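Working notes for the structure below.
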Amino acid sequence: MATFAAPLTLGIESSCDDTAAAVVDAEGRVLASLVARQLATHRPWGGVVPELASREHLAAWPTLLEATLDQAGVTIDDIGAVAATRGPGLLGSLLVGLSLGRGLAYSRDLPFFAVHHLEGHVYSPFLRLERDIAEDPPAEFVALVVSGGHTSLYGVDAAGAIETLGETRDDAIGEVFDKVGKRLGLPYPGGPLVDRIAEVGTPTVRLPVPRLEGLDFSYSGLKSEAIRAIERLERDGTISFEQPEPFDQERPPAAIADLCAAFRQAAVAQVLERLERLAVTRPIPLLAVSGGAAANRLLRRELTRWCDERQIPLRLVPLPYSADNAAMIAWVGCLGARRGRHDDPRAIEASSRLPLGSSAGTA
Ligand code: KG4
Ligand code: ZN
């Protein structure tokens with residue numbers, strides 16, 4: 001068996017509706033990363049129900065932990081450190097994973113790292129697949145986090161301090177993909193499906209990119225435009241909610257595919273426009289892109305082109321670590337250990353709102 005660099009860190013993430021566990025070694029090799037999703041529980045309610053989420057986290061833990069250790073080929077006695085998400089997120093959900101992490105660390109006398117969920121995303125693009133060692137984050141870089149809850153640009157420095165450069169003033173990019181998907185009658189989360197349908201369409205109309213000053217984002221205008229366009233398709237009979245499936249997802253009508261393509265193009269164009277603005281005000285030593293919506297195919301292609309043209313090194317999060325996962329949480333724990341910092345497992349409280357830079361080992 002290959003040797004791994006001690007200590008092995010157990011990562012725990014339960015900030016929203018995904019229960020996740022991972023084992024990562026000191027050099028950032030991901031030995032196992034599993035996620036138990038709760039989609040079926042929340043789907044009938046059309047969104048995440050916090051009380052149900054915490055109950056599901058509790059129920060999922062024993063099996064998930066065992067499966068994660070199994071996949072890593074280790075036992076709990078091989079674990080040398082514990083990292084758990086402290087916030088932000090749903091309080092009841094956070095409490096489940098954080099309490100487990102605190103208890104394990106305290107009872108086994110292991111170093112403990114309380115991690116800010118977004119810092120997990122920020123450093124996730126440096127993880128590698130297939131048990132490869134992670135890349136050391138450079139002294140300075142710009143992070144773009146695109147998810148169901150965030151559309152943000154951050155400046156990260158060598159000490160781990162994170163400066164917010166821009167963020168959405170209303171909806172997050174993943175959230176509007178989901179809302180457009182929902183309006184099209186697609187199951188939650190609609191984002192990946194809208195992306196897939198857009199691949200076979202042509203953006204024949206141009207949807208607007210908001211004229212905001214600075215580096216902030218805004219997606220609610222685009223959402224309304226897209227929904228108005230869907231309503232027009234409904235009126236002309238292209239989509240019919242009279243049927244169990246409003247349209248055939250495998251063979252979407254051209255008008256729907258074209259609309260998805262136009263919507264996706266405008267959503268991605270806004271990201272590129274903000275990056276363009278940032279690039280004229282400061283150097284971008286490296287761009288690290290993460291979050292669930294970083295799986296978007298057009299976004300990945302366009303960011304690759306944009307960075308190539310400007311010779312900006314680009315790190316796109318590997319797909320298994322784009323959505324919420326615990327490998328990214330364990331990895332922030334590893335970075336904390338390198339900086340010689342950790343937290344007291346008896347003293348850390350979960351927090352639904354948490355300022356950036358509060359993970360152990362960061363600023
Ligand atoms: O990071 P994540 O798992 O959870 C949050 O912290 O929000 O991101 C989930 C979001 C959802 O809104 C989902 O629809 C979106 O990421 N997403 C996508 C794609 N895949 C996932 N959005 C657009 N295109 C995709 N391919
Ligand atoms: Zn997230």
Side-chain angles (χ1 to χ4, degrees), residues 11-20 22 33 35-39 42-43 46-48 53 85-90 93-94 97 115-125 127 143-152 154 167-168 171-184 186-201 217 219 222-223 226 249 260-261 263-271 288-303 316-329 331-332 352 354 356 359:
I12 297 173
E13 150 68 39
S14 69
S15 62
C16 188
D17 60 336
D18 291 331
T19 322
S33 174
V35 183
R37 309 202 72 187
Q38 306 178 357
L39 287 174
H42 301 289
R43 193 165 276 154
V48 176
T85 305
R86 175 186 178 194
L90 301 171
S93 291
L94 286 164
V115 176
H116 190 295
H117 178 82
L118 273 176
E119 287 170 38
H121 281 302
V122 162
Y123 290 99
S124 63
L127 290 169
L144 168 70
V145 181
V146 281
S147 72
H150 291 87
T151 315
S152 310
Y154 302 109
E167 58 195 343
T168 183
D171 295 348
I173 185 168
E175 187 184 351
V176 293
F177 268 85
D178 294 339
K179 286 184 177 157
V180 166
K182 188 172 178 188
R183 196 65 190 78
L184 284 169
L186 299 170
Y188 179 84
L193 301 170
V194 171
D195 183 25
R196 209 178 66 200
I197 293 172
E199 285 286 291
V200 296
F217 298 86
Y219 278 100
L222 174 61
K223 176 186 66 185
Q249 259 185 59
C260 288
F263 161 74
R264 181 177 73 163
Q265 187 181 59
V268 170
Q270 188 177 162
V271 173
V289 184
S290 60
N296 189 271
R297 294 166 174 91
L298 182 68
L299 184 66
R300 292 177 90 88
R301 289 197 293 269
E302 287 292 283
L303 286 171
L316 286 170
V317 62
L319 288 177
Y321 312 127
S322 66
D324 289 349
N325 66 89
M328 68 183 193
I329 303 302
W331 173 225
V332 174
S352 57
L354 198 63
L356 272 164
S359 292

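Order of appearance sets the numbers: ligands from 1, and atoms from 1 within every ligand. The structure presented is a predicted model; accordingly, all values stated were derived computationally and were not measured.
Counting only distances under 2.8 Å, and ignoring water, the protein N, O or S atoms around the Zn ion (ligand 2) are His117 NE2, His121 NE2, Asp324 OD1.
Considering all non-hydrogen atoms of both residues, Gly291 and Ser147 come closest at CA-CB, 4.3 Å. Here the shortest heavy-atom pairing between Arg297 and Asp195 reads N-OD2, 3.0 Å.
Ligand-side atoms of ligand 1 in range of Gly149: 7 (O), range being under 4.0 angstrom from any heavy atom. The Ala295 neighbourhood of ligand 1 comprises atoms 20 (N), 26 (N), with distances under 4.0 Å to a heavy atom of that residue.
Side chain of Gln38 to backbone of Ala53: a donor-acceptor contact under 3.5 angstrom is found. At least one donor-acceptor pair under 3.5 Å links the side chain of Trp331 to the backbone N or O of Tyr123. The closest donor-acceptor contact from the side chain of Ser14 to the backbone of Gly97 lies under 3.5 Å. When atom types are taken as modelled, the side chain of Asp18 and the backbone of Arg37 share no donor-acceptor pair closer than 3.5 angstrom.
Protein heavy atom at the shortest distance from atom 23 (C) of ligand 1 is Asn296 ND2, 3.5 Å. For atom 18 (C) of ligand 1, the closest non-hydrogen atom of the protein is Ala293 CA, 3.7 Å.
Not a single heavy atom of Arg264 sits closer than 4.0 Å to an atom of ligand 1.
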Please report, to 0.1 Å, the donor-acceptor pairs under 3.5 Å made by any side chain of residues 317-324, with sequence neighbours excluded.
unit_1, atom_1, unit_2, atom_2, d
Ser322, OG, Leu319, O, 3.0
Asp324, OD1, His117, NE2, 3.1
Asp324, OD1, His121, NE2, 3.0

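With contacts defined as side-chain heavy-atom distances shorter than 4.5 Å, the pair Pro189/Leu39 qualifies. Side-chain contact between Glu13 and Ser33 is absent, with no heavy-atom pair separated by less than 4.5 Å. In this structure, Cys260 and Glu199 have side chains that are not in contact, with every pair of non-hydrogen atoms separated by 4.5 Å or more.
The side chain of His121, and not its backbone, has at least one atom closer than 4.0 Å to an atom of ligand 1 (non-hydrogen atoms only; side chain from C-beta on). Contacts of Asp178 with ligand 1, taken as heavy-atom pairs under 4.0 Å, involve the side chain alone.
Considering both main-chain and side-chain atoms, Asp324 comes within under 3.5 Å of ligand 1 through a nitrogen or oxygen pair. Not a single N or O atom of Phe177, backbone or side chain, sits closer than 3.5 Å to an N or O atom of ligand 1. Residue Asp195 places at least one N or O, backbone or side chain, under 3.5 Å from an N or O of ligand 1. At under 3.5 Å, not a single nitrogen or oxygen of Gly291, backbone or side chain, sits near a nitrogen or oxygen of ligand 1. The shortest N or O to N or O distance between Pro189 and ligand 1 is not below 3.5 Å.
Nearest to atom 16 (O) of ligand 1 by heavy atom, out of Ala198, Ala323, Ala20, Gly292, is Gly292. If you check each of Gly148, Gly190, Gly89 against atom 9 (C) of ligand 1, the one with the closest non-hydrogen atom is Gly148.
By the salt bridge (charged side-chain N to carboxylate O under 4.0 Å, His left out) test, Lys223 is found to be paired with Asp171, residues two or more places apart in sequence or in another chain being considered. For Arg300, there are no salt bridge (charged side-chain N to carboxylate O under 4.0 Å, His left out) partners at least two apart in sequence or on another chain.
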Could you give me the CA-CA distance, side-chain angles and deciding distance for Asn296 and Ile173, then say whether side chain to side chain contact (heavy atoms under 4.5 Å, CB included) is met?
CA-CA 11 Å; Asn296 189 271; Ile173 185 168; over 6 Å; no
